[in-house]
Amino acid sequence: SGSQTHAETMPTPDAAPSEPGRRKTLALLVNTVVAGIGAALTGLLGVFAVRPVREAAAERWIRAGTLGDLTPNVPVPRVLSVPRVDGWYRARARETVFLVWDGAKQVKVFSATCTHLGCQVLWNAEAKTFNCPCHGGTFDASGKVLDGPPPRPLTTIDARVEGTDETVLVRV
């Protein structure tokens with residue numbers, strides 16, 4: 001009975017009128033703001049995810065020298081500074097190529113990277129071959145495999161000659 005008197009003496013809070021309209025409006029407002037922020041972030045991330053791919057796909061031509069720097073039918077090595085983009089990371093990679101001029105206006109360009117495991121090939125002027133020092137791969141002057149483990153010829157890279165100074169441009 002002591003507990004009954006205690007319960008009777010405790011004031012009961014006034015029953016507040018239920019306001020579902022105000023709660024629903026506030027919930028709708030909060031959900032709309034959160035959805036808007038989520039959509040904006042998704043769009044922003046989508047733009048940044050697609051942009052590097054577009055930039056990487058852009059065609060670039062790099063100057064590799066002039067015809068005056070070359071000797072007909074003798075591969076001349078050139079180290080190119082190639083821009084590389086990987087997401088936000090931008091760097092310039094060094095890539096070695098061999099320029100082979102036919103003596104007229106045609107220049108063939110071969111990558112100096114062996115197609116076996118990526119070692120750098122060297123030009124052997126006496127044997128007139130490209131030799132891979134790592135695993136004994138040998139390529140002829142046109143880049144075809146003569147001997148060793150390389151599975152395919154040296155990679156050919158597009159090149160063109162432009163201007164009055166006969167500049168050799170290489171596509172990277």
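One distance of note links CG of L28 with CZ of R23; it measures 15.5 Å at 0.5 Å rounding. Atom OG1 of T156 sits about 5.0 Å away from atom CZ of F110, to the nearest 0.5 Å. In this structure, the separation between CG on D102 and CG on L70 is 10.5 Å, given to the nearest 0.5 Å. The OG1 atom of T96 sits 8.0 Å away from the CG atom of L80 when rounded to the nearest 0.5 Å. Going from atom CZ of F98 over to atom CH2 of W123 covers 8.5 Å, rounded to the nearest 0.5 Å. A distance of 5.0 Å separates CG in D158 from CH2 in W61, rounded to the nearest 0.5 Å.
Judged by distance alone, the side chain of T129 and the main-chain N or O of N131 form no donor-acceptor pair under 3.5 Å. The backbone N or O of A64 lies less than 3.5 Å from a partner atom in the side chain of R78, making a donor-acceptor pair. At least one donor-acceptor pair closer than 3.5 Å links the side chain of D140 to the backbone N or O of K144. Proximity of a side-chain donor or acceptor of D69 to a complementary backbone N or O of G65 within less than 3.5 Å is not detected.
We find that E162 and R160 are joined by a salt bridge, their nearest charged nitrogen and carboxylate oxygen being less than 4.0 Å apart.
Inter-residue side-chain proximity for V82 and I62 is flagged as met; some heavy-atom pair is nearer than 4.5 Å. The shortest distance between side-chain heavy atoms of R63 and V168 does not fall below 4.5 Å. The closest side-chain heavy-atom distance from V170 to L99 is below 4.5 Å. A heavy-atom distance below 4.5 Å is found between the side chains of F139 and V121. Inter-residue side-chain proximity for W101 and K108 is flagged as unmet; no heavy-atom pair is nearer than 4.5 Å.
Taking each heavy atom of I157 and E95 in turn, the nearest pair found is CD1-OE2, 3.9 Å. Residue T115 comes nearest to P150 through the heavy atom pair OG1-CB, 3.5 Å, listed as atom of the first residue, atom of the second, then distance. Residue V85 comes nearest to R90 through the heavy atom pair CG2-NH1, 3.8 Å, listed as atom of the first residue, atom of the second, then distance. Scanning all heavy atoms of the two residues, the minimum distance from V109 to A159 falls at CG2-CB, 3.4 Å.
In this structure R92 satisfies the side chain to side chain contact (heavy atoms under 4.5 Å, CB included) test together with S81, P83, sequence neighbours excluded. In this view, T25 satisfies the side chain to side chain contact (heavy atoms under 4.5 Å, CB included) rule with no residue, not counting sequence neighbours.
Residues V100 and L122 are members of separate hydrophobic clusters, defined by side-chain heavy-atom contacts under 4.5 angstrom among Ile, Leu, Val, Met, Phe, Trp and Tyr.
Distance check for C132 and C119: the SG atoms are not under the 2.5 Å cut-off.
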